[in-house]
Number of protein chains: 2
Amino acid sequence: MDVAAARIARAIGEPARASMLYALMDRRARTATELAALAGVGAATASAHLKQLLENGLVKVAASGRHRYFNLATAEVARALEALGVLAGSKFAPTTPDTLRQARTCYDHIAGWLGVALHDGFIARGWLTPAYALTAAGARGLAAQGLEASVLATRRRFAFACLDWSERRSHLAGALGAAILDQALAKRWLRRDADSRSLEITAAGRGWLDKLGVD
Amino acid sequence: MDVAAARIARAIGEPARASMLYALMDRRARTATELAALAGVGAATASAHLKQLLENGLVKVAASGRHRYFNLATAEVARALEALGVLAGSKFAPTTPDTLRQARTCYDHIAGWLGVALHDGFIARGWLTPAYALTAAGARGLAAQGLEASVLATRRRFAFACLDWSERRSHLAGALGAAILDQALAKRWLRRDADSRSLEITAAGRGWLDKLGVD
DNA sequence: TCCATACTTCGATGATAAACGAAGCGTCAC
DNA sequence: GTGACGCTTCGTTTATCATCGAAGTATGGA
């Protein structure tokens with residue numbers, strides 16, 4: 001176990017490979033050449049690195065013509081990178097793009113400044129208990145914005161905290177977090193950026209957030 | 001960000017250092033000599049490794065007489081190690097020792113087969129909601145085995161799921177998980193192995209589990 | 001058909017760092 | 001005190017691996 005984990009950590013722990021992996025955190029696929037440029041190494045070197053990342057199950061590849069598109073292999077890889085980023089970030093991590101810092105998706109829910117604000121707001125106004133159970137007031141509040149509690153009664157974990165790497169605080173994950181993102185997209189309160197995890201807050205979205213007391 | 005994270009991953013990604021870190025996952029402090037033996041290296045080498053782990057904020061140290069007791073620096077370190085362990089475990093790690101698979105500590109709560117069984121049992125019999133809030137039935141059930149809800153009312157998060165790397169399912173973490181482990185040790189239902197994270201289920205512990213319907 | 005592009009493999013070079021023995025420094029026990 | 005123990009520092013050796021250039025394979029376009 002420990003030695004297997006060391007293999008993984010070692011694969012991540014080389015600057016060029018780490019650059020590639022963190023560049024892929026937005027879940028957009030890149031070609032080997034793009035990743036080589038991002039990492040600041042030659043094509044031959046990049047090829048060797050990518051081979052190693054593949055062998056360790058950190059990335060997957062899709063061949064398309066003479067290009068090979070690489071991406072993170074699983075959500076768990078992203079999670080491990082996040083966890084490492086949190087450790088590293090306590091010292092560094094100065095420059096997350098503002099658009100990403102403000103609002104973005106994390107898996108299937110809202111992260112970034114907006115995600116943290118929603119999380120804190122829900123708890124501050126007593127919609128969620130500190131153990132992330134829905135209160136009666138919370139059920140009313142969600143219903144008022146069109147989310148019936150019955151919709152949320154899935155087999156999935158209702159709500160829990162997910163550590164935000166740019167804000168370094170918790171945002172809302174689970175069935176509730178996913179439902180909120182779904183609805184915000186459906187009602188056009190938020191709009192997905194075409195090719196990143198960024199979320200844009202629309203004019204209608206501003207109204208939504210005002211009503212929630214989030215600013 | 002990426003390069004800083006690479007530093008951290010690199011620090012973890014050396015077999016001797018990884019052995020030390022994963023040995024500390026049970027949050028029991030060890031001396032440099034103990035860690036050297038666990039990692040299978042000499043004292044001088046271990047000292048260099050521990051220095052590096054300190055410099056990267058992965059472990060902390062408490063000097064006591066001529067001993068230096070090392071431990072993981074923060075809960076975030078443990079989380080990152082778990083996340084890496086999940087990656088390592090999903091492909092490799094076929095051979096987790098049975099004693100570890102059955103019952104072990106994870107941070108401050110019970111993991112392994114037993115931890116998962118307790119988690120599932122609590123939810124199945126309605127002691128916990130799927131959002132990990134304690135029900136009235138749960139409060140009664142815990143009181144019946146000597147855990148008053150008042151004891152659990154700390155500022156700490158009450159209960160949440162923690163992904164188990166050997167079972168690859170959730171076990172109970174949080175104030176509740178910690179209280180259960182504390183009590184099981186105090187009542188000698190479980191016994192800590194002298195030099196691993198293993199937990200041994202005692203004869204009295206069998207009775208406890210029978211009463212809980214866990215088998 | 002022929003060339004450009006995307007990528008990989010091979011071989012050589014160089015830098016990094018893990019390992020240990022020996023020596024040094026504190027601390028505890030007697 | 002004196003010696004044993006725990007740990008660190010120093011210096012040396014050795015092995016690993018990141019890097020690149022050059023050559024090779026495959027695909028796409030002209």
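The basis for the numbers below is simple: all heavy atoms, side chains too, and nothing from hydrogens, waters or symmetry mates.
- Here Ala43(A) lies in heavy-atom contact (under 4.0 Å) with a base.
- Remark: P of dT16(C) and CD of Glu14(A) are 12 Å apart, rounded to the nearest angstrom.
- OP1 or OP2 of dA19(C) has at least one side-chain nitrogen or oxygen of His49(B) nearer than 4.0 Å.
- A close approach under 4.0 Å does not occur between any side-chain nitrogen or oxygen of Gln52(B) and OP1 or OP2 of dA17(C).
- Distances from the side chain of Val41(B) to the nucleotides dA18(D), dT8(C), dA19(C) place dA19(C) closest.
- The nearest whole Å value for the distance from the CZ atom in Arg17(B) to the C1' atom in dA17(C) is 9 Å.
- Using modelled atom types, no side-chain atom of Thr31(B) and backbone atom of Arg68(B) make a donor-acceptor pair closer than 3.5 Å.
- Comparing Glu34(B) and Ala48(A) by the nucleotide of DNA chain D whose heavy atom lies nearest to each, the residue mapping closer to the 5' end is Glu34(B).
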Under the side-chain contact (heavy atoms from CB on, under 4.5 Å) criterion, do Met25(A) and Leu81(A) qualify, and how do the steps go? CA-CA 8 Å; Met25(A) 283 284 279; Leu81(A) 294 173; 3.7 Å; yes
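- Using modelled atom types, no side-chain atom of Ser47(B) and backbone atom of Ala43(B) make a donor-acceptor pair closer than 3.5 Å.
- Remark: aromatic rings of His119(B) and Tyr132(B) are close, center separation under 6.0 Å.
- Rounded to whole Å, atom P of dT8(C) lies 5 Å from atom CZ of Arg68(A).
- Rounded to whole angstrom, the span from the NE2 atom of His67(A) across to the P atom of dG29(D) amounts to 9 Å.
- The nearest whole Å value for the distance from the CZ atom in Arg10(B) to the P atom in dT16(D) is 15 Å.
- Between the CG atom of Leu54(A) and the P atom of dT9(C) there is a distance of 11 Å, rounded to whole Å.
- Whole-Å rounding puts the Lys51(A) NZ to dA18(D) C1' distance at 15 Å.
- Neither OP1 nor OP2 of dA19(C) sits under 4.0 Å from any side-chain N or O of Thr45(B).
- Two residues, Arg66(A) and Ala16(A), neighbour DNA chain D, and the one matched to the more 5' nucleotide by heavy-atom proximity is Ala16(A).
- Formation of a donor-acceptor pair under 3.5 Å by the Gln183(A) side chain with backbone atoms of Ile180(A) is not found in this model.
- A straight line from CG of Asn56(B) to P of dA17(C) spans 11 Å, rounded to a whole angstrom.
- Nearest to the side-chain atoms of Ala44(B) among the listed nucleotides dA22(C), dA22(D), dA18(C) stands dA22(C).
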